[in-house]
Amino acid sequence: MSKTIAAIASGNAPGGIGVIRISGDRAIEIASSVFSPADGSSLTELKGYRAKFGNIILDGSKADNAVALVFRAPKSYTGEDVAELSIHGGMLALKNTLEAVFAAGAQSAEAGEFTKRAFLNGKIDLTQAESVAQIISAQGEAELKASFNALHGVLSDEINLVLEKLLDMSALMAAWVDYPDEEIPELTETELEENLEFSAAKLKKLLDNYESGQTITCGVETVIAGRPNAGKSSLMNMLSKTEKSIVTHIEGTTRDIVEDSVRLGDIVLHLKDTAGLRNSEDLVESIGIEKALGAIENAQLVLAVFDLSQRLSEDDFKLIEKCKGKNAIGVINKTDLEAKMDVSVIENAFESVVYISAKNNEGLEELSKAVYNLLGVADFDSNAPLLANLRQKQNCQKAYESICEALNGVKTGVTFDAINVMIDSAADELLSLTGKKATSEVVNNIFSKFCVGK
Ligand code: GDP
């Protein structure tokens, strides 16, 4: 008998409605000890997928109105009996009811324990469990869509397709080696090669998409750089549509790095608006400039801002130099003013150049397109299966390498039992990826990153 666990599932902030989730063999009995249906019936008699309106009863008196939802094992999120109590979403109301649920015999759920139970009860695999955490933390539309697809098995299906091929090949080859006299259908070298090539191609595609997937799902560390007054803060404001950066006429006002995350269509840019790039006598400002140069060094994307209404200065040339070899876009700002700058210098120095007027909010769409193209995510398909994290990528990479090794072995006439070892090793990696063979350390590590109540 597994212990029955409970937690607030609706997060740690007040809301219109708050939900207490209880899961385990005693879930419904425990829920019925704090909840009384208004129609006088008993929650313990209620069938699965049914709801009852009623009251939370604490110390013998009505404490809140509530709706109780009942799910019967195995048809629930965790695969166990589950009761969910939806009450008014004040933190005190939730805490009082949760304490009563604990007093009735439930234990406090650990981080991710509901989803971990769903995994252990075979309701979802590890990639799907990881996608739950990703749905909760998603900031961009594409990330949300990709994680939702993963929850619905788009990645698992792809992995299982390859896995099935590998296991079929492995079973046939093992039978063939072990029982040479039996009439086992022969696996020809051509078939073997075809199957291995098919598997390698599927995994290669997943690996190729990994970087764009990460760009989409993790966001892009972006630095806005340029000499003072070029319009960095204004660009930041245009992007974030907030007044977070100070826009002013006094040079060098943006002394430290201002950070903000903004959504640019499907992707999230983690923006750093740096101090103006110039030599400064001012100590505080020079610290900011040092940080700016360091930030460019580590950025995944640099938006190098130039002022169209001014001639190019020494600082502008320094910035151009600094951006060499980086993922940088030349952003020529102040298109509403008379042009004094020689734009051909910027056009020649940057692979991608965009004209904007940050003041008039013009050029956002062009900038967005340039960012997508430069980061190689313009054609990103959020419906395609996607490896969500380094753990998944590493399993996939190792499986791919073993398959390539096996393929090479077939071509160079290596014995079938040696090839079978390589195929088994690839299959093992994929079984770890989906969690069918993952170590408890890997599993615990994944769920420890969840929030309580999920
Ligand atoms: P930063 O020092 O690079 O952060 O520059 P700011 O964003 O603080 O802008 C400096 C000055 O240029 C401010 O007075 C802004 O209003 C002005 N400015 C910024 N963008 C534009 C623009 O597109 N057109 C015009 N005319 N002025 C701009």
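One-based numbering, in listed order, for ligands and for the atoms of each.
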| request: Answer with yes or no whether the side chains of Thr127 and Asp125 bring together a donor and an acceptor at under 3.5 Å. | output: yes
| query | Between Asp307 and Arg227, is there a side-chain N and carboxylate O pair less than 4.0 Å apart? | reply | no
| Under 3.5 Å, is there a donor-acceptor pair between the Asn444 and Lys116 side chains? | yes
| request: Using non-hydrogen atoms of the residue, decide whether Gly226 is closer than 4.0 angstrom to ligand 1. | output: no
| What do we get for Asn333 next to ligand 1 when only non-hydrogen atoms under 4.0 Å count, side chain, backbone, both or neither? | side chain
| What atoms of ligand 1 come closer than 4.0 angstrom to any heavy atom of Leu337? | 26 (N)
| request: Might you confirm whether atom OH of Tyr355 has over 12 heavy atoms from other residues, nucleotides or ligands at distances under 6.0 Å? | output: yes
| query | More than 12 foreign heavy atoms under 6.0 Å from CD of Glu347: is that the case here? | reply | yes
| field | Nitrogen or oxygen atoms of Asn360 and ligand 1 under 3.5 Å apart | value | no
May I have the list of side-chain donor-acceptor pairs in residues 48-59 shorter than 3.5 Å, sequence neighbours left out?
unit_1: Lys52; atom_1: NZ; unit_2: Asp39; atom_2: OD2; d: 2.5
unit_1: Asn55; atom_1: OD1; unit_2: Asn65; atom_2: ND2; d: 3.0

Side-chain donor-acceptor pairs under 3.5 Å in residues 93-114, sequence neighbours left out?
unit_1: Thr97; atom_1: OG1; unit_2: Ala93; atom_2: O; d: 3.0
unit_1: Glu113; atom_1: OE1; unit_2: Glu110; atom_2: N; d: 2.8
unit_1: Glu113; atom_1: OE2; unit_2: Arg117; atom_2: NH2; d: 3.4

| Under-4.0 Å heavy-atom contact with ligand 1, by part of Asp336 that carries it | side chain
| note | So the atoms of ligand 1 within less than 4.0 Å of a heavy atom of Ser234 turn out to be 6 (P), 7 (O), 9 (O), 15 (C), 19 (C), 20 (N)
| field | Contact with ligand 1 for Glu362, non-hydrogen, under 4.0 angstrom | value | no
| message | So if I count the atoms of ligand 1 from 1 in the order they appear, which ones are less than 4.0 Å from some heavy atom of Pro228? | response | 2 (O)
| field | Over 12 foreign heavy atoms within 6.0 Å of NZ, Lys359 | value | no
| Do Ala230 and ligand 1 have an N or O pair less than 3.5 Å apart? | yes
| Heavy-atom nearest option to atom 17 (C) of ligand 1, drawn from Lys334, Met236, Met238 | Lys334
| said: Show me which atoms of ligand 1 lie under 4.0 Å from any heavy atom of Arg227. | reply: 3 (O)
